[in-house]
Student: 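Would you mind keeping the following structure in view while I ask a few things?
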Amino acid sequence: METYGSTVYRTHYCGELGAGDTGKEVKVAGWTETIRSHGNLIFIDLRDRSGVVQLRLDAAQSPQFMEMADAARRGWVLNAHGTVIGRPEGMINPKLATGAIEINVQDFKTLNPSEPYPFPLTAVNESDESLRLRYRYLDLRRPVLQQNIIRRHHMTQAARAFLDRAGFIEVETPFLIGTTPEGARDFLVPSRLQRGTCYALPQSPQLMKQMLMVAGFDRYYQFARCMRDEDLRADRQPEFTQIDLEMAFIGLENIMAIGEGVVAEIVKVARGIELPMPFPRLSWAEAMDRYGSDKPDLRFGLRIHSVPAELAGTLPIGRDFGVGASFRYLPVPASFGQLSRSAADRLAESAGQDTGSKVSWLKLTAEGASGPLGKNLAAPLREHMLAALDPAREDAVVFVAAGRNYVQASKCLGSLRCVIAEQCGKVDREALKFLWVTEFPLLEWDEETRNWAPAHHPFTSPLAEDLAILESAPERVRSTAYDMVLNGTELSSGSIRIHSRDIQKRVFHVLGIGDEEAQAKFGFLLEALSYGAPPMGGMAIGYDRLVMLLLGAGSLREVIAFPKTSSGKDLMFGAPSPPTRQQLADLGLKWM
Ligand code: ASP
């Protein structure tokens, strides 16, 4: 097949050439990586996106080029024409793909010189990251970064091909729209033509994809760009990419199968392995109960247990937590890792501080119990803990957490579980432990607004069997939402959507969104739901994060071509930047 690889500047990419090309006349173009001059002989390593090839300039053969080659520096753009020859015995570089050959140059041109690099491309250290972001186009010349972006492209193509085979239609949805709540602040774009109004950039294409289902497209996907104005946090980008899916006339099973299928294709390309499917599933309640997290890391064991209510009073911690207080424990068996007294003290203290819980510990052995909670440990509680370690009944350090409520106590031990696994070296870096977490609570209580907030987004359908208690016991309503989790990271979220106008209105009411506000913000949705909206559901997979995890990259910045800093700045463009007076005047805005 014609690859369109050869151009007026090249017959081959540098890294493509090998011993099989010996004797061929070739043209290559790229960037100078190193130059070694031995008087009559100059060697240049030339790099393009495929790799490096060695150019050999011999004064005896091409005296006219020696001066030019001698002047070339790192980063200069060169074009060379010559013959592929085998390297002499002893000069072969087995570490380099093209290490058996070199190009004996007959013709040579400098296409563009370069300023000296502002930072070395080879020795990368954290301290010069802002410099590297400012000169991102140079940082992107580093082979690792270039490979990450290229591998990401191949993963994208595999996902697209899978979704196409599965009958999905790729549709681009607009950026300049109204609010699409996903729990973050909107980025606003003031309108010049409609003074005094703003567009909101999409937090996700959520409502657009629902409209596409009402329109009858049946299956939609998009590599969607989403913008969320959230508070600063390390390794979060204000704009990011999701594989956004929506399907009509489906049940949960169907969407999950598609989610697993698309991820499996991507994993195949990234890691060359077949993922076992279906992924395991846990309800939110089970995940909290066992692992104290709605995104449990299953690369290691360690389960959390509850102190039976009737024994909680025997513990000397959390006594002032009142009704609703919850007591849970995490046994760390000796076979998992040995924890010294001081290590256990430190772990308990920081776990408590981080979560507002009270945490302490004890050591259980066949002889009895020791440690801060060990002395007066009630015999039935000791039995309960030993049974939790069954059948091994081995020695263990048991962390006990008291929280103001069940979720607080559970989450406290959930985080501790991960810290301990990390400390004990039990986290298998190669493993890919996918799972689904389902049946999330529909609502979360927001202390700040003193109102119910959607745990996912306001268009998520409650479980049919919980609809009856939507108004009377909102805290107990479960949703149809499901998350895909990988190694303790939430990779995707999704849900079956509300397709009944009445139920959507009821959910808005419970969320404290009155009729007027609902009409103003989501009137078109309520209208669309009254024109034959089909049952529908979908999900969005956090693509940057997935690529990062699969490629083993250390941060999102390593898998995004033009990332922002953690404070949302683009150091190359110098964005964001103040608007000019004229721009403000055009928009009818005054800067405060
Ligand atoms: N809008 C997504 C969905 O498909 C969720 C998300 O963006 O987190 O449910």
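These numbers come from a predicted model, not from an experiment. Atoms within each ligand, like the ligands themselves, are counted from 1 in listed order.
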Student: What atoms of ligand 1 come within less than 4.0 Å of a heavy atom belonging to G494?
Tutor: 9 (O)
Student: List ligand 1 atoms under 4.0 Å from M539, heavy atoms only on the residue side.
Tutor: 4 (O)
Student: Note the single closest protein heavy atom to atom 8 (O) of ligand 1, along with its residue, its atom name and the distance in Å.
Tutor: S493 OG, 2.8 Å
Student: Would you mind telling me if ligand 1 is within reach of the side chain of K209, the backbone, both or neither, using heavy atoms under 4.0 Å?
Tutor: side chain
Student: Do the non-hydrogen side-chain atoms of L212 and I169 ever get within less than 4.5 Å of each other?
Tutor: no
Student: Output the list of atoms in ligand 1 that are nearer than 4.0 Å to some heavy atom of Q242, sorted by atom number.
Tutor: 6 (C), 7 (O), 8 (O)
Student: At the 4.0 Å heavy-atom cut-off, does H457 count as touching ligand 1?
Tutor: yes
Student: Heavy-atom distances under 4.0 Å are what count here, so tell me which part of E182 touches ligand 1: side chain, backbone, both or neither.
Tutor: side chain
Student: Report, in ascending order of atom number, the atoms of ligand 1 lying under 4.0 Å from any heavy atom of R228.
Tutor: 6 (C), 7 (O), 8 (O)
Student: Between S204 and ligand 1, find which residue part has any heavy-atom pair under 4.0 Å and reply side chain, backbone, both or neither.
Tutor: side chain
Student: How about CD on E516, more than 12 heavy atoms from neighbouring residues, nucleotides or ligands closer than 6.0 Å, or not?
Tutor: no
Student: Starting from atom 3 (C) of ligand 1, what is the nearest protein heavy atom, named by residue and atom, and what distance separates them?
Tutor: Q206 OE1, 3.1 Å
Student: May I ask you to say whether R328 pairs ionically with D289, meaning some side-chain N is under 4.0 Å from a carboxylate O?
Tutor: yes
Student: Run the contact test for R497 against ligand 1 with a 4.0 Å cut-off on heavy atoms, strictly below, and give the result.
Tutor: yes
Student: In terms of the angle between their ring planes, are Y543 and F223 parallel, tilted or perpendicular, with boundaries placed at 30° and 60°?
Tutor: perpendicular
Student: Could you tell me whether E422 and R429 make a salt bridge, using a distance below 4.0 angstrom between a side-chain N and a carboxylate O?
Tutor: yes
Student: Evaluate ring-ring contact (aromatic ring centres under 6.0 Å, His included) for F573 paired with F562, printing each intermediate quantity in order.
Tutor: CA-CA 10 Å; F573 266 95; F562 298 104; 8.0 Å; no
Student: Within a radius of less than 6.0 Å around CZ of R271, do more than 12 heavy atoms belonging to other residues, nucleotides or ligands occur?
Tutor: yes
Student: Work out whether the distance between some heavy atom of H456 and some atom of ligand 1 is less than 4.0 Å.
Tutor: yes
Student: Salt bridge or not for D139 and R136, using N-O below 4.0 Å?
Tutor: yes
